[in-house]
Amino acid sequence: MAEAKIRNVSFPRYAEYNCAFKYIVEQALGCRYVMPPVLTKRTMELGTKYSPDFVCTPFKTMLGSMIEALEAGADTLLMTHGLCRLGYYGELLEQILRDLGYQFDFINLSDYDMSKKKEYPRIVKRFNPKANPARFLTQFMEGVRMVEYVDEITHEYYKNCGFDATKGQYKQAYQDFLTAMYTAQNRSDVEAGYRAAKRALQSVPLDKPQRPLKVGIVGEFYTAMDAFSNLEIEQKLADMRVEVHRWMNVSNQFLHYGNGQKNLRVKIQDLCQYDMGPTSTANIWYARECAERGYDGLIHIKSATCTPEIDVMPVLQNISADYKIPVLYLTYDAQTSDVGLMTRLEAFYDMIDMRKKVL
């Protein structure tokens, strides 16, 4: 009997989480991982060309990234499930790609009931019928730990990188950490890369004022986290010597909170009695947290046509009025320009800087 073919698996580029996808696919599932090319203008042009006009921007980014992954040699694409329209996007993405003539296997997690544990072995067998369940679980959890490390180090980076007294070592330490995660082959590599990053970041001297400007970022799950999609807004703010805080990441949303969404809903019931979408509760809660902690401003990020985040905006306006905290609302689509974003960020920075000096 011929041996089963080893799959070449890919998942669209998403922030820096593809290092964990790579680790899980290669180490836990025993498949090859095809790293999609870094997101570029071409990625967005491809996605926009073949997408419905009024679909949200992350759909276009994912479609373009999937096309580039197939061009790079992927024969199996993975699509996650979701609580908003994302839950329907898998079928549409697959149909568009097949209409374009691509040949591939499509594993859509929306086809499975992810609340039932018995579904997980079925998913694993789709990738590799010979996968060892115990080995998969162990190395899958190592991949999950990598996600937590990425989120922790990324948070630390944007909190302090704008105050690097060396003008470069902090960023280099972060890039070295990402390289270590993308090249990790086992748990020892993951842990060593994490510890090295912690030491490196702590060793860099910082030129940080006692009361720096602090800005909290809230918004739609994909666009708020993916630097390409939001035109590197966190780095732009950091370069203005702003301390940047973003609660929304994979670890906080899915790993650390368990029944957290229900608990967060209790905390904001005076502002919002109903859950309006996959990240609305967390964004409203964190916006008020930032206001109560005395942050100097909030930035709300969403993609064009993102209905849940449109619903969040009136609540954020109430928080802004109640706590006297400025909010900058940013909507991204395929035509959003870097120059236009910088103009708005600079104006927002000037406003919160003058306000802080007055207060």
Side-chain angles (χ1 to χ4, degrees), residues 6-39 69 72 78 124 127-128 131-206 208 225-228 232 234-235 238 243-257:
I6 297 177
R7 291 179 180 271
N8 297 304
V9 180
S10 193
F11 183 83
R13 275 275 181 173
Y14 181 29
E16 298 297 346
Y17 294 119
N18 288 76
C19 60
F21 298 143
K22 176 178 182 290
Y23 189 89
I24 291 171
V25 167
E26 293 184 347
Q27 308 305 323
L29 293 171
C31 301
R32 298 188 188 94
Y33 187 75
V34 177
M35 185 66 68
V38 174
L39 300 176
L78 172 66
V124 171
F127 286 97
N128 183 358
N132 183 299
R135 175 184 172 87
F136 167 79
L137 182 59
T138 298
Q139 298 187 317
F140 176 81
M141 294 310 299
E142 291 171 5
V144 170
R145 180 61 60 86
M146 183 186 289
V147 169
E148 294 180 292
Y149 288 161
V150 167
D151 286 335
E152 178 186 340
I153 298 298
T154 298
H155 173 78
E156 195 70 20
Y157 173 73
Y158 287 117
K159 180 181 176 181
N160 292 319
C161 68
F163 311 99
D164 179 2
T166 70
K167 306 300 182 184
Q169 289 184 19
Y170 213 81
K171 179 177 283 189
Q172 187 60 55
Y174 181 60
Q175 293 300 323
D176 290 345
F177 163 73
L178 293 178
T179 299
M181 294 300 101
Y182 276 99
T183 57
Q185 299 293 313
N186 50 53
R187 179 178 178 179
S188 296
D189 292 343
V190 175
E191 298 295 334
Y194 168 71
R195 290 194 300 269
K198 293 284 284 186
R199 290 193 301 268
L201 293 177
Q202 291 170 1
S203 69
V204 177
L206 300 178
K208 191 171 187 177
M225 281 190 274
D226 184 68
F228 172 82
E232 300 188 354
E234 289 175 287
Q235 188 63 58
E243 186 176 299
V244 184
H245 293 262
R246 168 173 52 82
W247 182 90
M248 184 59 62
N249 57 41
V250 171
S251 298
N252 285 338
Q253 182 73 3
F254 296 116
L255 303 179
H256 293 167
Y257 267 68

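Every value quoted in this text rests on a predicted model; they were computed, and no experiment measured them.
When side chains are defined from C-beta on, Ile24 does not count as touching Gln139, because their heavy atoms never get closer than 4.5 Å. Between Leu78 and Ser10, the closest side-chain pair of non-hydrogen atoms is not below 4.5 Å. Between Glu243 and Lys208, the closest side-chain pair of non-hydrogen atoms falls below 4.5 Å. Side-chain atoms of Met35 and Tyr182, non-hydrogen and from C-beta on, do get closer than 4.5 Å to each other. Between Asn186 and Gln27, the closest side-chain pair of non-hydrogen atoms is not below 4.5 Å.
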Evaluate Arg187 against Met146 for side-chain contact (heavy atoms from CB on, under 4.5 Å), listing each step before the verdict.
CA-CA 9 Å; Arg187 179 178 178 179; Met146 183 186 289; over 6 Å; no
Given the rule in the side-chain contact (heavy atoms from CB on, under 4.5 Å) test, do Arg7 and Leu29 qualify, once you have shown the distances and angles that lead to the verdict?
CA-CA 10 Å; Arg7 291 179 180 271; Leu29 293 171; over 6 Å; no
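With hydrogens and angles disregarded, a donor-acceptor distance shorter than 3.5 Å links the side chain of Asp164 to the backbone of Gln169. Judged by distance alone, with hydrogens and angles left aside, the side-chain atoms of Asn249 form no donor-acceptor pair with the main-chain N or O of Asp151 at under 3.5 Å. Formation of a donor-acceptor pair under 3.5 Å by the Asn252 side chain with backbone atoms of Met248 is not found in this model.
A donor-acceptor contact closer than 3.5 angstrom is absent between the side chains of Tyr23 and Gln185. For the residue pair Tyr149 and Glu191, a side-chain donor N or O sits within less than 3.5 Å of a side-chain acceptor on the partner. With no hydrogens or angles considered, a side-chain donor-acceptor pair links Gln235 and Tyr157 at under 3.5 Å.
The minimum heavy-atom distance between Ala15 and Met225, with the atom names listed, is CB-O, 3.7 Å. The shortest heavy-atom contact between Gly193 and Phe177 is O-CD1, 3.7 Å.
The side-chain hydrogen bond (donor to acceptor under 3.5 Å, both in side chains) test applied to Lys198 returns Glu152, not counting sequence neighbours. With sequence neighbours excluded, the residues that form a side-chain hydrogen bond (donor to acceptor under 3.5 Å, both in side chains) with Asn18 are Tyr33.
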